[in-house]
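In what follows, every heavy atom counts, from backbone to side chain, and hydrogens, waters and symmetry copies are set aside. This one's a predicted model, so the numbers in the text were calculated from it and none came from an experiment. Here is how names work: the chains are called A, B, and so on, in the same order as the sequence lines, proteins then strands, and each is numbered from 1.
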Protein chains: 2
Amino acid sequence: MAVHDAMDVLNGKWKISIIAALCFNKKRYSDLLNDVKGISGKMLSRELKEMETHKLVKRTVLSTQPITVQYELTEYGGKLKSVISNLADWGLAHRKKIIGK
Amino acid sequence: MAVHDAMDVLNGKWKISIIAALCFNKKRYSDLLNDVKGISGKMLSRELKEMETHKLVKRTVLSTQPITVQYELTEYGGKLKSVISNLADWGLAHRKKIIGK
DNA sequence: CTGTATCCACCTTGATACTG
DNA sequence: CAGTATCAAGGTGGATACAG
């Protein structure tokens with residue numbers, strides 16, 4: 001099933017959140033560490049590496065001093081934006097429903 | 001973040017696939033066991049129970065002989081259909097891309 | 001048919017310390 | 001800043017047997 005194929009690539013606890021964080025801006029490693037609540041450095045680099053091999057994100061090393069690294073969605077990974085957006089809408093409704101009672 | 005709230009409810013390896021399987025029809029336990037490739041009975045009942053407490057699915061016991069149980073998406077859980085559908089589209093494209101090379 | 005109980009291997013994740 | 005190495009702990013999931 002197609003859904004299963006998608007989930008193969010989006011496995012792990014953090015990938016969806018990382019993609020969501022990259023939806024509107026490129027970000028550096030340390031930015032992601034702040035923006036993706038609760039993630040550890042180890043998991044962030046591990047997930048990013050996986051996503052890079054799956055061509056979901058692009059990694060660029062900037063020759064600043066000290067070196068910084070920029071991550072952004074590929075065109076391909078960007079196709080997930082609408083999925084994420086739908087999910088975010090639902091999550092918002094869900095939160096309201098939970099808080100509401 | 002809203003996406004994170006959604007993922008809290010959709011954690012685990014199987015929930016998305018189960019919802020996908022229930023998108024168009026109600027199904028019995030044994031149907032799901034066949035349709036969700038690779039899932040074991042333990043995990044299926046465990047995930048279904050969680051999803052029931054989150055009000056994503058509705059469980060109905062039918063007084064047939066022997067007893068059968070029917071699962072269906074709640075109206076609330078049904079709101080995830082569009083997310084699933086987007087994901088399926090992406091998964092299809094992804095599969096083509098993978099096979100294509 | 002629809003589950004639950006138990007046992008167990010494996011994987012994932014986190015904390016911490018460390019490197020370039 | 002951007003990671004990697006190591007260790008430890010808990011969660012995840014499968015097989016099997018069993019119950020209502």
- Starting at CD of A:Glu47 and ending at P of C:dT13, how long is that distance when rounded to a whole Å? 6 Å
- How close or far is atom P of C:dC1 from atom CG of B:Leu48, stated in whole angstroms? 16 Å
- Task: Please state how far atom CG in B:Leu44 lies from atom P in D:dA15, giving the value in whole angstrom units.
- Result: 14 Å
- Item | Selection from D:dG13, C:dG3, D:dA2 that lies nearest to any side-chain heavy atom of B:Met43 | D:dG13
- Item | Contact under 4.0 Å: A:Lys49 side-chain N or O vs D:dG3 OP1/OP2 | no
- Task: Show your reasoning for whether side chain to side chain contact (heavy atoms under 4.5 Å, CB included) applies to A:Leu44 and A:Ile18.
- Result: CA-CA 8 Å; A:Leu44 179 55; A:Ile18 294 172; 3.9 Å; yes
- Query: Closer to the 5' end of DNA chain D via nearest nucleotide, is it B:Ser40 or B:Ile67?
  - Reply: B:Ser40
- In whole angstroms, the gap separating C1' of D:dA15 from CZ of B:Arg46 amounts to 13 Å
- Task: Could you check which residues of residues 1-39 of chain B get a heavy atom under 4.0 Å from DNA chain D? Sort them by number, please.
- Result: B:Lys13, B:Trp14, B:Gly38
- Task: Taking all non-hydrogen atoms of both residues into account, name the closest pair between B:Ala88 and A:Ala2 and its distance.
- Result: O-CB, 3.3 Å
- Task: Could you check B:Leu48 against B:Leu32 for side chain to side chain contact (heavy atoms under 4.5 Å, CB included), going step by step and ending with a plain yes or no?
- Result: CA-CA 10 Å; B:Leu48 283 169; B:Leu32 287 170; 4.1 Å; yes
Could you go over nucleotides 5-9 of chain C and give all protein N or O partners under 3.5 Å, atom names and distances?
none

- Item | N or O in side chain of A:Ser45 less than 4.0 angstrom from D:dT4 OP1/OP2 | yes
- Note on the structure: Between A:Leu22 and the options A:Leu73, A:Leu80, A:Leu56, the side-chain contact (heavy atoms from CB on, under 4.5 Å) test singles out A:Leu73
- What do the steps show when you test B:Asn25 against B:Asp31 for side chain to side chain contact (heavy atoms under 4.5 Å, CB included), and what is the final call? CA-CA 11 Å; B:Asn25 303 298; B:Asp31 294 330; over 6 Å; no
- Item | Among B:Lys58, B:Lys27, B:Arg59, salt bridge (charged side-chain N to carboxylate O under 4.0 Å, His left out) partner for B:Glu72 | B:Lys58
- Query: Is there a donor-acceptor pair closer than 3.5 Å between any side-chain N or O of B:Asn86 and the backbone N or O of B:Val83?
  - Reply: no
- Query: Would you say C:dG3 has OP1 or OP2 under 4.0 Å from some side-chain N or O of B:Arg59?
  - Reply: yes
- A:Tyr71 vs D:dC1: side-chain N/O to OP1/OP2 distance below 4.0 Å: no
- Message: Evaluate B:Glu50 against B:Asn11 for side chain to side chain contact (heavy atoms under 4.5 Å, CB included), listing each step before the verdict.
- Response: CA-CA 10 Å; B:Glu50 258 190 80; B:Asn11 60 20; 3.5 Å; yes
- Message: Output the rounded distance in Å from CD (B:Gln65) to P (D:dG20).
- Response: 16 Å
- Side-chain H-bond candidate by donor/acceptor type, A:His54 with A:Tyr76, under 3.5 Å: no
